[in-house]
**Q** 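Quick one: the structure is below, questions incoming.
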Amino acid sequence: MSKRKWFALGMVCAGLSLAVSPLSAQEVKGSGTNMFVPKIVETFSLPDGTTVNRTAFSGFMTADDPASPLRMASMTCSGAVVMGKDGKPVRSAGTCDSVDAQGDVAFYWWRSDAKSGGRWGFMGGTGKWANVEGGGTYEPTFQSTDGRQGNSWKGTWKSK
């Protein structure tokens with residue numbers, strides 16, 4: 001191939017890379033609140049005297065940014081919560097899925113313990129969430145007398 005053809009091919013590749021760059025994913029920051037109604041599905045005791053509650057949570061997410069695709073997504077979670085002898089949570093972990101207004105599903109993992117607090121992360125999904133990476137933190141914000149509860153969340157993510 002002549003130098004001129006190599007140069008032209010190089011210019012085409014450079015132009016394509018410039019055209020594609022703006023389409024690549026940018027990091028998105030978000031925050032909001034999850035609101036749930038938990039249902040204990042099973043309870044059992046461990047040899048050290050702590051108790052485990054296998055729990056299902058149904059609810060929805062809010063986002064501080066009204067344009068966020070997570071705003072008003074329905075959310076369903078399940079997991080196990082280890083309760084100390086004093087009745088307070090010691091450690092917990094599980095998974096969630098949410099369905100946003102466009103019908104795309106996002107999958108998450110979550111865990112919490114007394115030392116590091118609550119952490120969560122994306123595990124992919126469908127549509128816009130298919131190749132998402134990222135996560136963040138959460139902390140309890142309210143517990144009502146009828147059992148409803150909420151967490152404030154914040155995090156960052158981007159698509160691959």
**Q** Are side-chain heavy atoms of Ser45 and Thr51 found at a separation under 4.5 Å?
**A** yes
**Q** Are side-chain heavy atoms of Asn53 and Met83 found at a separation under 4.5 Å?
**A** yes
**Q** If you take all heavy atoms of Gly135 and Phe122, which pair is closest and at what distance?
**A** N-CD1, 4.4 Å
**Q** Check Lys85 against Asp48 and note the closest heavy-atom contact, atom names and distance.
**A** CE-O, 2.8 Å
**Q** In terms of hydrophobic clusters joined by side-chain contacts under 4.5 Å, are Val41 and Phe44 together?
**A** no
**Q** Which atom names give the shortest non-hydrogen contact between Tyr138 and Ser92, and what distance separates them?
**A** OH-OG, 4.4 Å
**Q** Below 4.5 Å, heavy atoms only, C-beta onward: do Met35 and Thr62 meet side chain to side chain?
**A** yes
**Q** Please list all pairs meeting ring pair (Phe, Tyr, Trp, His ring centres under 6.0 Å) that have one or both residues in residues 49-75, counting only residues at least two apart or in different chains.
**A** Phe36-Phe57
**Q** Calculate, to the nearest 0.5 Å, the distance between atoms CG and SG belonging to Asp97 and Cys77 respectively.
**A** 7.5 Å
**Q** Looking only at side-chain N and O atoms, does Tyr108 offer a donor or acceptor that is under 3.5 Å from a partner on Ser98?
**A** yes
**Q** I need the minimum non-hydrogen distance between Thr55 and Pro38, along with the two atoms involved.
**A** CG2-CB, 3.9 Å
**Q** Please answer: with hydrophobic residues joined when any side-chain heavy atoms are less than 4.5 Å apart, are Val28 and Val132 in the same cluster?
**A** yes
**Q** Supply the atom-to-atom distance Gln26 CD to Thr156 OG1, rounded to the nearest 0.5 angstrom.
**A** 13.5 Å
**Q** Report whether Trp120 and Val99 are members of the same hydrophobic cluster (ILVMFWY, side-chain heavy atoms less than 4.5 Å apart, transitive linking).
**A** no
**Q** Measuring from Lys29:NZ to Ser68:OG, what's the distance to the nearest 0.5 Å?
**A** 14.5 Å
**Q** Apply side chain to side chain donor-acceptor pair (under 3.5 Å) to Arg111 and list each qualifying residue two or more places apart in sequence or on a separate chain.
**A** none
**Q** Counting C-beta onward and ignoring hydrogens, is there a side-chain heavy-atom pair between Lys128 and Ser159 closer than 4.5 Å?
**A** no
**Q** Distance from Glu139 atom CD to Ser112 atom OG, nearest 0.5 Å?
**A** 10.0 Å
**Q** Indicate if Met61 and Phe107 have the same hydrophobic cluster label, given that clusters are the connected sets of ILVMFWY residues with side-chain heavy-atom separations under 4.5 angstrom.
**A** no
**Q** To the nearest 0.5 angstrom, please state how far the CG atom of Asn34 sits from the CH2 atom of Trp153.
**A** 7.5 Å
**Q** Report the distance from atom OG1 of Thr33 to atom CG of Asp64, rounding to the nearest 0.5 Å.
**A** 6.5 Å
**Q** Between the side chains of Arg148 and Asp146, is the shortest nitrogen-to-carboxylate-oxygen separation below 4.0 Å, so that they form an ion pair?
**A** yes
**Q** Which residues pass the side-chain contact (heavy atoms from CB on, under 4.5 Å) test with Pro140, sequence neighbours left out?
**A** Asn151
**Q** Met123 versus Thr95: any side-chain heavy-atom pair under 4.5 Å?
**A** yes
**Q** For Ser152 and Thr141, run side chain to side chain contact (heavy atoms under 4.5 Å, CB included): C-alpha distance rounded to whole Å, both residues' side-chain angles, the deciding distance at 0.1 Å, then the answer.
**A** CA-CA 6 Å; Ser152 64; Thr141 52; 3.4 Å; yes
**Q** Closest heavy-atom contact between Pro89 and Val81?
**A** CB-CG1, 4.1 Å
**Q** Quick one: does Trp157's side chain get under 4.5 Å of Trp129's, heavy atoms only?
**A** yes
**Q** For Lys154, look at atom NZ and say whether over 12 heavy atoms of other residues, nucleotides or ligands are found less than 6.0 Å away.
**A** no
